[in-house]
Amino acid sequence: MTKNRRFACLPIALVSALSASVALADGAAEKHECSVDQFSMALRYQQQSAEVRALQMQAYNIATEKLDAAVAAAEDTSKLAIVTDVDETVIDNSALLARDLANCHTYDGWDTWLPWERDGDPVLIPGARKFLEHADKLGVTIRYVSDRSEEQKAYTLKALKKLDLPQVSADSVLLLGPPKVERRALVAKDHRIVMLLGDTLHDFDARFRKTPVAEQRATAEAESAKWGTEWIVFPNAGYGTWSKEPLKAWEAKPVIEKW
């Protein structure tokens, strides 16, 4: 049944008012049905919370302490290297995700990512430049290992240089082609990697790549001694392999009590 036939016997003014109400209701329903809404709280936490900024600075403080210790124990600092991820570890891309979420576009399909690489304006993760400059002054080699597009490498180099990060060059930025484990192996041929930094677990070990979350959790626990020593992990509530996992709920019947 069409809207016009529904309101055929009503005065014109009332028809207009009811039509507007239906349009608003339809629009509200469409907005409510936006599947991307499920990411809004996590993305707000990632972009806006002071807690995430504190965790990021905490990670870089720990990284600085551990790097200083590695340098102090090394005979030849020039042989040491750190390998860091880029997105959500060194730079913050949440503005892209927020734009897509506002447009009800499912951002974890990554079909808006290439334009962001070319034209986006990412900002630094708190503590990133200070830590990387410190590593550079110590004479430690920095390698940026990211799954950004190799075909668009010039844009990533431009973005990192614009943020005034040290040791940014075509040779030091290793983008998507071989898996990250193979790119890390290239670095290890000439250097001793003393630290890995990243926000997703395959930034640290191939066992985390394309494996079920339950296996990732088990591997993370098995390697507990490496977190905060050799492996420095950063919070990323915006996206990840965990995002489709079901929540585990308390099975007790709800009891509502005023606090």
Side-chain angles (χ1 to χ4, degrees), residues 46-47 49-95 120-148 153 155-175 180-181 183-205 223-236 238:
Q46 181 68 24
Q47 185 186 72
S49 75
E51 287 83 356
V52 162
R53 295 178 70 85
L55 288 169
Q56 291 163 337
M57 290 183 284
Q58 176 177 268
Y60 275 121
N61 286 342
I62 293 170
T64 300
E65 178 183 336
K66 299 304 181 182
L67 183 61
D68 286 346
V71 168
E75 294 181 2
D76 185 356
T77 305
S78 68
K79 294 297 183 181
L80 304 184
I82 59 174
V83 173
T84 181
D85 175 51
V86 173
D87 300 307
E88 279 51 74
T89 300
V90 172
I91 60 177
D92 175 355
N93 304 282
S94 60
D121 191 23
V123 296
L124 283 169
I125 296 293
R129 184 191 290 123
K130 182 179 179 181
F131 169 74
L132 293 169
E133 287 178 343
H134 181 65
D136 184 49
K137 289 176 182 177
L138 291 174
V140 175
T141 294
I142 301 169
R143 290 291 181 264
Y144 300 91
V145 176
S146 167
D147 279 348
R148 285 183 163 225
K153 188 170 184 174
Y155 296 106
T156 293
L157 292 173
K158 181 179 178 181
L160 297 179
K161 289 177 179 177
K162 181 180 178 181
L163 293 168
D164 200 25
L165 295 172
Q167 298 188 34
V168 173
S169 69
D171 293 332
S172 68
V173 178
L174 308 177
L175 301 183
K180 284 190 174 183
V181 63
R183 283 172 276 163
R184 292 193 294 266
L186 288 175
V187 180
K189 284 183 178 181
D190 302 315
H191 299 83
R192 181 166 69 88
I193 299 174
V194 295
M195 186 178 298
L196 302 175
L197 303 95
D199 68 293
T200 187
L201 295 188
H202 77 268
D203 291 330
F204 305 99
D205 194 289
E223 298 291 357
S224 61
K226 292 182 179 178
W227 303 113
T229 54
E230 302 169 44
W231 296 351
I232 308 296
V233 65
F234 289 77
N236 180 3

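As the structure is a prediction and not an experimental result, all values here were calculated from the model.
Annotation: side-chain hydrogen bond (donor to acceptor under 3.5 Å, both in side chains) contacts of Asp68 (sequence neighbours excluded): His134. Taking Phe131 as the reference, Tyr60 meet the ring-ring contact (aromatic ring centres under 6.0 Å, His included) condition, with sequence neighbours excluded. Applying the side-chain contact (heavy atoms from CB on, under 4.5 Å) criterion to Val123, with sequence neighbours excluded, gives Asp92. Every residue meeting the side-chain contact (heavy atoms from CB on, under 4.5 Å) condition with Lys226, not counting sequence neighbours, appears here in chain and number order: Glu223, Thr229, Glu230, Trp231. Residues that satisfy the side-chain contact (heavy atoms from CB on, under 4.5 Å) test with Glu51, not counting sequence neighbours, are Tyr45, Ser49. Every side-chain hydrogen bond (donor to acceptor under 3.5 Å, both in side chains) that Ser172 has, sequence neighbours left out, goes to Ser169. Annotation: side-chain contact (heavy atoms from CB on, under 4.5 Å) contacts of Gln56 (sequence neighbours excluded): Gln46, Val52, Arg53, Ile125, Pro126, Phe234, Pro235.
Within the structure, salt bridge (Lys or Arg N to Asp or Glu O under 4.0 Å) pairs that include any residue of residues 159-172 comprise Asp121-Lys162 (at least two apart or interchain). Counting only residues at least two apart or in different chains, salt bridge (Lys or Arg N to Asp or Glu O under 4.0 Å) contacts with residues 75-85 comprise Asp85-Lys180. Residue pairs that meet the side chain to side chain donor-acceptor pair (under 3.5 Å) test with at least one member in residues 136-148, sequence neighbours left out, are Asp87-Arg148, Asn93-Arg148, Asp136-Gln167, Thr141-His191, Asp147-Arg183, Asp147-His202, Arg148-Thr156.
For Ile232 against Ala59, the heavy-atom pair with the smallest separation is CG2-O, 3.5 Å.
Considering only heavy atoms from C-beta on, Arg184 stays 4.5 Å or farther from Leu174 through its side chain. The closest side-chain heavy-atom distance from Leu160 to Val86 is below 4.5 Å. Phe204 places a side-chain heavy atom less than 4.5 Å from the side chain of Val233. Contact of the Ile82 side chain with the Leu132 side chain is registered, since non-hydrogen atoms from C-beta on lie closer than 4.5 Å.
Interatomic distance, CG of Leu67 versus CD1 of Ile62, reported as 13.5 Å (0.5 Å rounding). The distance from atom CG of Asp203 to atom OG1 of Thr89, rounded to the nearest 0.5 Å, is 5.5 Å. Note that the CG atom of Leu196 and the CG atom of Asp205 stand 9.0 Å from one another [nearest 0.5 Å]. Ile142 CD1 to Thr84 OG1: the interatomic distance, rounded to the nearest 0.5 Å, is 9.0 Å. A distance of 10.5 Å separates OG1 of Thr200 from CD of Glu88, quoted to the nearest 0.5 Å.
Panel note: side chain Lys153, backbone Val173; a donor-acceptor pair is recorded below 3.5 Å.
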> Please walk me through it: do Leu124 and Val90 pass side chain to side chain contact (heavy atoms under 4.5 Å, CB included)?
Replying inline: CA-CA 6 Å; Leu124 283 169; Val90 172; 4.2 Å; yes
